[in-house]
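No hydrogens, no waters, no symmetry mates; every other heavy atom, side chains included, goes into these values. What you see is a predicted model; the values in this text were computed from it and never measured. Reminder, nothing fancy here: chain letters follow the sequence lines and each chain counts from 1.
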Number of protein chains: 2
Amino acid sequence: MTSPRSRRERPAKPALTRAGIIDAAVAVLRAEGLAKLTMRRLAQELDTGAASLYVYVRNTAALHAAVLDELLGEVDLDTKNTGWAERLEAVLTSYAAVLFRYPGLAQSALVARPSGENYLRLVDTLLGLLAEGDVPRDQAAWGVDLLLQHATATAAEHADERPDEEWQAVFTAVRDASPDTHPHLAAARAELVSGAPEERLSWAFRALIAGIVHTPNP
Amino acid sequence: MTSPRSRRERPAKPALTRAGIIDAAVAVLRAEGLAKLTMRRLAQELDTGAASLYVYVRNTAALHAAVLDELLGEVDLDTKNTGWAERLEAVLTSYAAVLFRYPGLAQSALVARPSGENYLRLVDTLLGLLAEGDVPRDQAAWGVDLLLQHATATAAEHADERPDEEWQAVFTAVRDASPDTHPHLAAARAELVSGAPEERLSWAFRALIAGIVHTPNP
DNA sequence: ACCTGAACACCGTTCAAGT
DNA sequence: ACCTGAACACCGTTCAAGT
């Protein structure tokens with residue numbers, strides 16, 4: 001009585017698992033971007049209804065966090081530099097590079113922090129490098145938050161789809177600032193918009209590290 | 001022929017203007033929160049259709065940026081501390097306090113930076129304080145970005161509606177980290193979760209300022 | 001326990017047609 | 001130029017009913 005079509009039409013619908021859902025989510029993200037990574041679209045990909053996903057994923061924010069942790073597997077923790085500070089900067093730059101590919105995910109990550117295996121490994125590595133630099137443990141612990149936050153926030157800033165127009169607005173506003181009403185802004189016009197993104201990121205990491213090293217906890 | 005109702009039923013619908021739209025948006029934000037500040041809800045408030053707003057506001061991101069700039073009028077730029085660094089920290093804390101009231105807006109602000117009058121005044125003030133501390137102008141210019149980004153990102157981190165549960169996840173993950181696989185994480189367990197939010201914010205500002213002062217631009 | 005279809009309660013944005 | 005209603009193309013999440 002069972003028709004062959006019902007058994008063999010497609011390559012056997014796999015059972016839903018949390019891991020399978022996250023894998024499918026990463027696939028959708030890579031293929032179509034974060035905007036298309038919705039519960040409904042993801043359910044479609046898994047040949048089910050959106051409601052079924054809620055057994056394994058609390059909500060969209062949790063999905064984003066899980067997907068991000070998965071992507072953090074690509075961060076290069078084993079850099080070849082000699083000094084601890086240089087290796088620290090390299091790991092952070094690698095982390096930032098992963099997030100720069102999915103700025104919208106970085107934006108989510110600020111709110112729904114990942115707490116998966118890859119994230120923990122990253123934090124452990126950063127703490128290890130700071131310990132190697134003899135940074136007191138309490139400063140290192142608070143400092144790691146600061147370092148990861150900067151990388152994440154900088155990536156999130158690029159989540160805009162029309163970045164040229166937005167930048168134009170800021171650029172114009174700075175350019176048109178009168179020395180009478182905004183003396184310091186007018187004086188620092190050139191410096192405010194100077195530097196390549198990589199230069200500014202590198203400078204920021206070094207400034208953060210210097211600050212962490214030199215600022216004792218209360 | 002004209003019925004009285006059509007003229008006098010409500011207190012005369014005011015003409016749409018950009019300023020009026022932003023004012024209404026701030027009112028909706030204060031009364032119902034960012035989640036309810038949608039183009040449709042805002043249009044309802046102004047007794048018109050959502051489509052009408054698009055003459056004055058490019059999109060939702062631009063609306064958020066304009067609303068934030070409006071709120072930045074509340075930032076206290078004129079603090080009574082003696083040293084430039086203390087005043088700088090106080091202004092940043094005041095900025096953070098405004099954003100902490102609307103974490104979702106802070107999240108938007110990372111992507112769609114405001115470029116209105118209040119934002120420019122804030123940047124000008126921060127640059128002035130750094131100049132007072134004899135921080136070289138190029139370091140100050142890049143540093144202001146760093147300082148504002150940290151305050152904004154820290155506020156954005158609280159945009160979660162279920163913060164207890166999310167925090168539990170991180171807390172549990174850190175607590176359960178094995179010393180074998182995550183030695184530095186295990187060693188820094190206590191320090192990672194220590195400190196009141198205000199203490200950490202204050203420490204972060206001081207670390208950032210120290211880093212900015214001590215790190216020359218490339 | 002897991003899975004589902006359908007429903008609830010919304011969104012942003014565009015566009016042709018009006019004034 | 002501005003304003004509008006209606007339409008397009010979606011969302012996240014819940015829930016009763018099934019297995």
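Note: CZ (A:Arg18) to P (C:dC2) measures 14 Å, nearest angstrom. Across the protein-nucleic acid pair, B:Leu53 atom CG and C:dT14 atom C1' stand 14 Å apart, rounded to whole Å. The CG atom of B:Leu42 sits 15 Å away from the C1' atom of C:dT13 (whole-angstrom rounding). Taking atom CG on B:Leu37 and atom P on C:dC10, their separation rounds to 15 Å, with Å as the unit. In this structure, CG of B:Asn59 is placed 14 Å from C1' of C:dC11, rounded to the nearest angstrom. One can place CD of B:Gln44 at 14 Å from C1' of C:dC11, the figure rounded to the nearest angstrom. Regarding A:Leu16, its CG atom lies at a distance of 18 Å from the P atom of D:dT19, rounded to whole Å. In this structure, CE of B:Met39 is placed 12 Å from C1' of C:dC11, rounded to the nearest angstrom.
Contact check, B:Thr48 against D:dC3: no side-chain N or O comes under 4.0 Å of OP1 or OP2. Applying the 4.0 Å criterion to OP1 and OP2 of D:dC11, one finds that A:Thr38 has a side-chain N or O inside that range.
Side-chain atoms of A:Asn118 come within 3.5 Å of backbone N or O of A:Asp69 as a donor-acceptor pair. Not a single donor-acceptor pair under 3.5 Å links the side chain of B:Arg113 to the backbone N or O of B:Ala65.
In this structure C:dC15 sits in a base pair with D:dG5, meeting the Watson-Crick or G-U test at under 3.5 Å.
Nearest nucleotide to the side chain of B:Arg40, out of D:dG12, D:dG5, C:dC11: C:dC11. The listed nucleotides are C:dT4, C:dT13, C:dT14; the one nearest the side chain of B:Ala50 is C:dT13. With distances taken from any side-chain atom of B:Ala51 to the nucleotides C:dC15, C:dT13, C:dT4, the minimum falls on C:dC15. Across C:dT14, C:dG5, D:dT4, the shortest atom-to-atom separation from the side chain of B:Tyr54 is found for C:dT14. The side chain of B:Tyr56 approaches D:dC2 more closely than any other nucleotide in the set C:dT14, D:dG12, D:dC2.
Note on ring orientation: taking the six-membered ring where Trp is involved, the planes of B:His150 and B:Phe205 are perpendicular (angle over 60°, cut-offs 30° and 60°).
Counting any heavy atom pair closer than 4.0 Å across all strands shown, B:Thr60 reaches sugar-phosphate atoms only and no base atom.
Taking a 6.0 Å sphere around CZ of B:Phe100, one finds it holds more than 12 heavy atoms contributed by other residues, nucleotides or ligands.
For the P atoms, the distance from C:dA9 to D:dC8 is 23 Å, rounded to whole Å.
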Can A:Glu157 and A:Arg200 be said to form a salt bridge (charged side-chain N to carboxylate O under 4.0 Å, His left out), step by step?
CA-CA 14 Å; A:Glu157 282 172 3; A:Arg200 292 183 77 129; over 6 Å; no

